[in-house]
Amino acid sequence: MSDDFKEKIDNDNFDKKDIDMAYDDEHEQKMGGSKGKTKPVFKRKICKFCDQKNVADYKNYEMLRRFVTERGKILPRRITGTCAKHQRALTTAIKRARVLAYLPFVKN
């Protein structure tokens with residue numbers, strides 16, 4: 001904290017603006033620049049089919065249900081974390097399960 005900010009706290013003559021300004025100055029010094037410039041760090045998702053050696057099968061509708069939204073849409077790779085090879089197999093399995101009425105096309 002800056003020296004004049006400490007003096008204002010000791011004198012009990014400070015406004016809320018002084019507190020915010022001191023926090024902003026310290027925050028910028030710690031972060032090394034202006035606010036909002038940092039990139040969020042995401043945890044890398046691992047393909048469940050590669051990791052556990054599973055196969056996307058249309059008869060296993062309980063497993064396929066995890067890859068479909070409430071409205072019946074197939075979830076994309078970036079959300080589920082599956083690799084491209086297994087995402088293609090997953091979509092064909094979901095579509096086959098829909099045709100055979102294991103999964104609904106649209107949920108009510």
Side-chain angles (χ1 to χ4, degrees):
M1 284 197 246
S2 63
D3 294 325
D4 19 303
F5 182 71
K6 288 180 183 178
E7 291 173 11
K8 286 184 180 184
I9 291 176
D10 294 337
N11 295 336
D12 292 329
N13 297 332
F14 61 94
D15 294 335
K16 188 177 179 187
K17 293 178 188 175
D18 295 329
I19 295 171
D20 293 338
M21 290 296 290
Y23 172 75
D24 289 342
D25 292 338
E26 282 185 56
H27 184 70
E28 284 187 20
Q29 289 173 0
K30 287 180 185 175
M31 300 311 261
S34 62
K35 294 189 275 184
K37 298 283 182 174
T38 59
K39 280 179 121 178
V41 178
F42 294 106
K43 182 181 174 187
R44 181 158 170 83
K45 296 178 182 175
I46 301 168
C47 179
K48 293 178 183 175
F49 298 103
C50 291
D51 190 36
Q52 299 172 359
K53 304 291 183 191
N54 288 343
V55 178
D57 188 22
Y58 68 93
K59 293 176 257 178
N60 190 0
Y61 62 90
E62 287 133 7
M63 188 222 14
L64 295 178
R65 195 172 280 165
R66 286 187 282 152
F67 297 97
V68 179
T69 63
E70 292 177 359
R71 307 196 99 196
K73 296 181 178 181
I74 300 172
L75 290 170
R77 285 180 52 204
R78 61 185 162 79
I79 294 175
T80 59
T82 57
C83 63
K85 175 183 172 183
H86 289 115
Q87 181 70 23
R88 287 191 298 271
L90 182 68
T91 55
T92 55
I94 289 172
K95 290 176 183 178
R96 286 179 183 164
R98 284 176 177 167
V99 170
L100 295 172
Y102 289 130
L103 290 175
F105 281 95
V106 179
K107 293 186 181 180
N108 295 336

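The OG1 atom of Thr92 sits 9.0 Å away from atom CD1 of Ile74, with the distance rounded to the nearest 0.5 Å. Atom-to-atom distance recorded for Leu64:CG and Arg98:CZ is 10.0 Å, nearest 0.5 angstrom. Rounding to the nearest 0.5 Å gives a distance of 12.0 Å between OG1 of Thr91 and NE2 of His86.
Applying the side chain to side chain contact (heavy atoms under 4.5 Å, CB included) criterion to Lys73, with sequence neighbours excluded, gives Thr69.
Judged by distance alone, with hydrogens and angles left aside, the side-chain atoms of Lys45 form no donor-acceptor pair with the main-chain N or O of Thr80 at under 3.5 Å. Distance alone, capped at 3.5 Å, is enough to place a donor-acceptor pair between the Arg77 side chain and the Thr82 backbone. Between the side chain of Gln87 and the backbone N or O of Leu75, at least one donor-acceptor pair lies under 3.5 Å.
Under the 30°/60° scheme for interplanar angles, the aromatic rings of Tyr102 and Tyr58 are found to be tilted.
By the 4.5 Å heavy-atom criterion applied to side chains, Lys48 and Met63 are not counted as neighbours. At least one side-chain heavy atom of Phe49 sits under 4.5 Å from a side-chain heavy atom of Leu90.
Considering every non-hydrogen atom in both Cys83 and Cys47, the closest pair reads N-SG, 3.5 Å. Ala93 approaches Asp57 most closely through the heavy-atom pair CB-C, 4.2 Å.
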